[in-house]
Amino acid sequence: MTPTAHFSLLPVIIGLPFLGAFCVSLIYGAENVVARNAKNVGLLVSGVALALALFMMFKFDFAAGGLQFEYEKTGIKSLLLSWKLGVNALSAVFVLLTAFFAFAAVLITPRALPNVKVFMIMTLIIEGFLLGAVCSRNLFQFFLFHEGTFIPLFMLGAVWGEKNGGDGVPFSRYGYFFLSTIWFFFGILYLHAQTESLDLDALARQEFSPDVQAVLLAVFLPSFMINAPFAPFHQWFVKAQSDTPTPCLLILSGALSKVALYGTLAVVVPLSAGAMASYAPLLMTWAVLSALFACASLLTVRDLKEKIVYAQMCLCALTVCAVFSLRIQAVFAVLLFCLAQSAVFAVFIVVLTFLFDRLQSADVSRVRGLGAEIPAFAAAFFVAGACFAVLPATPVFMPVFLLIENIFTVHYAFGVAALAGVTGLFTAIANLYAGIISGERERTFFPYADLNCREKTLSGVMFAVLFCLAAYPDAVSYTHLTLPTNSL
């Protein structure tokens, strides 16, 4: 397919969130009216972007593979500027996931949240940047979109930092992100000096010397692992989400971490596969230790949001560990995991949002012994928690099994450590459920209302989707997928 500067679906998908953010900025009036209209505009824009992403997936020819929906316009070569968009079998999946997480984040945003207008603007801008990064076929363009998320993330920390009080100093929290931006940029300059090209497709076909690959691995991999996140770069990620509103869990732990995983597959692996194979034992050791550290933290932290972040950190570390095995089967397992786990994670966050709306707190000590008091929530939390804890017969069980299988092929020690991480995750979620549902209830707390009709309906629809994913895993099967294998 010849690149063209005529109409393409991808600029529309990328531009919609930015247009929506501009429209939200024009909303004025009473606070409750602004909040309602801002959320309605956000739902409309993110919903249309999700519908277009689904349409793109429907029209994408996975059997043929290759780059599709291309759009290219020549820029200023001396300034590394060009406008090249396109999606392959890998990026098409992450476009859909990014649009899905953004829509879910807007959907669960409460209108009572302070500064809903600003929050909606920042959410839509982040969605636009992440969609642009996934669709970019030029590394410098990818850099601008990917690192552009730093600005709205910084704003979220500035407005809602320090447990939503807004009095924090967010720069210290986002220091790793800022340093990764500088490190990434120097990597781009080094790569351009070596090749005089930043076209991702051309770079994937080029062979680099072992020394150059080692430098590219050292430059680009940490930049993505900061957003995954991996220990010891995780502190900014955990604090950012514990301080910001609940929908940010879907933006950061959902969309941003998935785009970091995409960057690892689309940038790091093609450019430095040889060096990654040489350092595979060290990289996989780093991954499994990060997963085990996340499990240990998951069992000790008291903030419910932090527990969720560490659980996602554990699963993400195991996913990247499978990527480090450099097997094409691992890529299929990663895609299957991302699709199934994204749905499970969104459902888990939505169910917990019902509770956060009533408690106005994420302290675990305040959510004990609620089983008899709000039985509908208890049932919903059991189903969502069971899926999130990777129990058998849940949508995520088979993808995680395939991930661990690929890890075992490298060395049984890594496989055992991965199993220990999954076991720790299950133990932590089981303890969390036992405490929330059947723990000792303190009488000083007022009773909470159970799920209302709207929440029960929403939960029923989401659980029906999870049941279909568990009962019909072939619905998201990628056994027919054609992926470039030159770097694996």
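We number each residue from 1, following the sequence as shown. Because only heavy atoms are used, hydrogens play no part in the values below, and waters and symmetry mates are left out as well, while side chains stay in.
- With a 4.5 Å cut-off on side-chain heavy atoms, L221 and F324 count as touching.
- Across all non-hydrogen atoms, the minimal contact from A380 to L451 is CB-CD1, 4.2 Å.
- Under the side chain to side chain donor-acceptor pair (under 3.5 Å) criterion, S91 pairs with N88, sequence neighbours left out.
- Between T109 and P247 the shortest heavy-atom distance is OG1-CG, 3.5 Å.
- Residues meeting the side chain to side chain donor-acceptor pair (under 3.5 Å) test with Y262, sequence neighbours left out: R137.
- Put simply, the side chain of I251 does not reach to within 4.5 Å of the side chain of L156, judged on heavy atoms.
- Each side chain to side chain donor-acceptor pair (under 3.5 Å) pair with one or both residues in residues 336-356, not counting sequence neighbours, appears once here: K258-Q341, Q312-Q341.
- Of all the heavy atoms in W286 and P232, the pair that sits closest is NE1-CD, 4.4 Å.
- Aromatic ring centres of H234 and F293 lie closer together than 6.0 Å.
- Here the side chains of P222 and S180 are not in contact, with every heavy-atom distance at 4.5 Å or above.
- Within the structure, every pair that satisfies the side chain to side chain donor-acceptor pair (under 3.5 Å) test and touches residues 399-418, not counting sequence neighbours, is listed here: R327-N406.
- Heavy-atom minimum distance, S459 versus F354: OG-CE1, 3.3 Å.
- At a threshold of 4.5 Å between non-hydrogen side-chain atoms, the residues L256 and L153 count as touching.
- For S253, the side chain to side chain donor-acceptor pair (under 3.5 Å) test picks out Q241, with sequence neighbours left out.
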Which donor-acceptor pairs under 3.5 Å do the side chains of residues 420-432 make with protein atoms, sequence neighbours left out?
residue: T423; atom: OG1; partner: L419; partner atom: O; Å: 2.8
residue: T427; atom: OG1; partner: T423; partner atom: O; Å: 2.9
residue: N431; atom: ND2; partner: T427; partner atom: O; Å: 3.3

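- Side chain of E70 to main chain of G86: no donor-acceptor pair is present (N/O by atom type, distance under 3.5 Å, no hydrogens or angles).
- Residues L315 and V390 are in side-chain contact: their nearest non-hydrogen atoms beyond the backbone lie under 4.5 Å apart.
- Residues F345 and I308 are in side-chain contact: their nearest non-hydrogen atoms beyond the backbone lie under 4.5 Å apart.
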Apply side-chain contact (heavy atoms from CB on, under 4.5 Å) to residues F55 and L9 and explain how you reach the verdict. CA-CA 10 Å; F55 176 76; L9 188 62; 3.9 Å; yes
N/O donor to acceptor pairs below 3.5 angstrom from side-chain atoms of residues 182-191, sequence neighbours left out:
residue: W183; atom: NE1; partner: A218; partner atom: O; Å: 3.1
residue: W183; atom: NE1; partner: V219; partner atom: O; Å: 3.3

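- Here E455 pairs with R358 under the salt bridge (charged side-chain N to carboxylate O under 4.0 Å, His left out) rule; sequence neighbours left out.
- The list of side chain to side chain donor-acceptor pair (under 3.5 Å) pairs with a residue in residues 263-279, not counting sequence neighbours, is empty.
- Checked against V351 for a side-chain contact (heavy atoms from CB on, under 4.5 Å), the options F388, F381, F382 give a single hit: F381.
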When the side chains of residues 123-131 are checked against the rest of the protein, which donor-acceptor pairs come out under 3.5 Å, sequence neighbours left out?
residue: T123; atom: OG1; partner: F119; partner atom: O; Å: 2.8

Please tabulate, one pair per line, all N/O donor-acceptor pairs under 3.5 Å involving side-chain atoms of residues 96-106, not counting sequence neighbours.
residue: T98; atom: OG1; partner: F94; partner atom: O; Å: 2.8

With side-chain contact (heavy atoms from CB on, under 4.5 Å) as the criterion, how do L298 and C314 come out once you've worked through the C-alpha distance, each side chain's angles and the decisive distance to 0.1 Å? CA-CA 9 Å; L298 182 60; C314 173; over 6 Å; no
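- The side chain to side chain contact (heavy atoms under 4.5 Å, CB included) test applied to D61 returns A63, A64, Q68, not counting sequence neighbours.
- Closest approach of Q213 and L271 over heavy atoms only: CG-O, 3.6 Å.
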